[in-house]
Trainee: 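Next up is a structure, given as structure tokens.
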2 protein chains.
Amino acid sequence: MKQTFSISDLAREFDITPRTIRHYEAEGLITPARDGQRRIYSGRDRVRLALVLRGKRLGFSLAEAKEIIDLYSAPQGEAFQLRTLLEKLDEKREMLEDKRRDLDAAISNMDKYAARCRDRLGEVRTRREAAE
Amino acid sequence: MKQTFSISDLAREFDITPRTIRHYEAEGLITPARDGQRRIYSGRDRVRLALVLRGKRLGFSLAEAKEIIDLYSAPQGEAFQLRTLLEKLDEKREMLEDKRRDLDAAISNMDKYAARCRDRLGEVRTRREAAE
DNA sequence: ACTTACGTTTACGTTAACGTAAACTTCGAG
DNA sequence: CTCGAAGTTTACGTTAACGTAAACGTAAGT
């Protein structure tokens, strides 16, 4: 079950270039194991990569994505650590919810506009039929 | 009711620099009226600016934002125009819904993780109390 | 042994989205 | 009339996120 991946495996799967993956490593977002020089990516590495790409799609910079993703591999040692981790998670969660509000507004905005367009289209048709 | 705004009015309101607003104009995102040299922004200009900024927060490039926003001021002439407009709207809507799925996944992901953290915190507390 | 495919590092190039600075105008307050 | 605040254009600078190319190593197939 100990699946591993080459850099081009992941590049193919996520439709990005190896260069991009190396760049993420240079920025500290992924830290694959090595077989000599060659990079070897574990399942966890793959998950992190997926998280980075999702972060990007949502408009986060690599640095912001790293901040969020690193929380998922933070040390879960004692009460104090867990408390501050929960605080940070809550902070990021609010960021995400802000984005969701923006997104919902954008969607409902567009829906209303599309409805008005369909109304107009109905009118145009009626006019055309009346002219026959 | 014919509210107008100076460039620094809008810069203050949206917490950006005049330079940024001029840049958006150079990219064709806003087209304010002029009083001689001076730019004069209408309420509609202000709305477009708000849309641009929301687009940016959602991770769109200025070019993508322009594509979407321009749909809102597309000519609503005849049936054909309205049809293609509705098609484009539907296409953009799907993009937004994709983003929404990503976002929901990110949030629920984080929620589950936070729940596990709270459980751990509970265990730590219990252990500590048992030690007293 | 030779080619082909994939991997590596190093380093300079590119694009988007502004920042920054210079040099100038215009306008209301003192 | 002079000064300061806000506006303008023009143009070069900067940062993030890679792209691209050079120069090289390695392992498998023919």
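By convention in this document, chain letters (A, B, ...) are assigned in the order of the sequence lines, proteins followed by strands, and residues within each chain are numbered from 1.
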Trainee: How long is the line joining NE2 of His23(B) and P of dA11(D), in whole Å?
Mentor: 17 Å

Trainee: Apply side-chain hydrogen bond (donor to acceptor under 3.5 Å, both in side chains) to Asn109(A) and list each qualifying residue two or more places apart in sequence or on a separate chain.
Mentor: none

Trainee: Answer yes or no: is there a donor N or O on one side and an acceptor on the other, between the side chain of Arg120(B) and the main chain of Leu82(A), under 3.5 Å?
Mentor: no

Trainee: Counting only side-chain heavy atoms from C-beta out, which of dC18(D), dT9(D), dT9(C) sits nearest to Arg22(A)?
Mentor: dT9(C)

Trainee: If a pair satisfies ring pair (Phe, Tyr, Trp, His ring centres under 6.0 Å) and one of its residues is in residues 86-112 of chain B, list it, with sequence neighbours excluded.
Mentor: none

Trainee: Encode nucleotides 21-26 of chain C as B, S and - characters from 5' to 3', where the letter depends on protein heavy atoms closer than 4.0 Å: B to the base, S only to sugar-phosphate, - to neither.
Mentor: -----S

Trainee: So which one's nearest nucleotide on DNA chain D is more toward 5', Arg34(B) or Arg12(B)?
Mentor: Arg12(B)

Trainee: Glu25(B) CD to dT10(D) C1': how many Å, rounded?
Mentor: 15 Å

Trainee: By side-chain hydrogen bond (donor to acceptor under 3.5 Å, both in side chains), which residues pair with Thr31(A), not counting sequence neighbours?
Mentor: none

Trainee: Who passes ring-ring contact (aromatic ring centres under 6.0 Å, His included) against Tyr72(B), sequence neighbours left out?
Mentor: Tyr113(A)

Trainee: Does a side-chain N or O of Ser6(A) approach OP1 or OP2 of dC6(C) to a distance below 4.0 Å, or not?
Mentor: no

Trainee: Give the residues of residues 47-70 of chain B touching DNA chain C, defined as any heavy atom closer than 4.0 Å, sorted by residue number.
Mentor: Lys56(B), Ser61(B), Leu62(B)

Trainee: Any side-chain N or O of Thr17(A) under 4.0 Å from OP1/OP2 of dG19(D)?
Mentor: yes

Trainee: Please list, chain by chain and in numerical order, all residues satisfying side-chain hydrogen bond (donor to acceptor under 3.5 Å, both in side chains) with Thr126(B), sequence neighbours excluded.
Mentor: none

Trainee: What is the distance, rounded to the nearest whole Å, between atom CD of Glu27(A) and atom P of dC18(D)?
Mentor: 9 Å

Trainee: So, is Thr20(A) near the phosphate of dA17(D), with a side-chain N or O under 4.0 Å from OP1 or OP2?
Mentor: no

Trainee: For dT8(D) and Arg39(B) - does any side-chain N or O of the residue sit under 4.0 Å from the phosphate oxygens OP1/OP2?
Mentor: yes

Trainee: Linking directly or through intermediates, with side-chain heavy atoms under 4.5 Å: list the remaining ILVMFWY members grouped with Tyr24(B), chain and number order.
Mentor: Phe5(B), Ile7(B), Leu10(B), Phe14(B), Ile16(B), Ile21(B), Leu29(B), Ile30(B), Tyr41(B), Val47(B), Leu49(B), Leu51(B), Val52(B), Leu53(B), Leu62(B), Ile69(B)

Trainee: Starting at CG of Asp35(B) and ending at P of dA6(D), how long is that distance when rounded to a whole Å?
Mentor: 18 Å

Trainee: With distance as the sole test, does Lys99(A) use its side chain to make a donor-acceptor pair with the main-chain N or O of Leu58(A) at under 3.5 Å?
Mentor: yes

Trainee: Return the value, rounded to whole Å, for the distance between atom CG of Asp9(B) and atom C1' of dG7(D).
Mentor: 12 Å

Trainee: Given atom CD1 of Ile21(B) and atom P of dA17(C), what is their separation to the nearest angstrom?
Mentor: 16 Å

Trainee: Respond yes when some side-chain nitrogen or oxygen of Tyr24(A) is under 4.0 Å from OP1 or OP2 of dA17(D), and no when none is.
Mentor: no

Trainee: Tyr41(B) has an atom OH; how far is it from atom P of dA6(D), in whole Å?
Mentor: 16 Å

Trainee: Please identify each residue that fulfils side-chain hydrogen bond (donor to acceptor under 3.5 Å, both in side chains) with Lys92(A), with sequence neighbours left out.
Mentor: Glu67(A)

Trainee: Measure CD1/Ile7(B) against C1'/dT8(D) and give the value in whole Å, please.
Mentor: 9 Å

Trainee: Looking just at side-chain N and O atoms, do Asp45(A) and Ser42(A) make a donor-acceptor pair shorter than 3.5 Å?
Mentor: yes

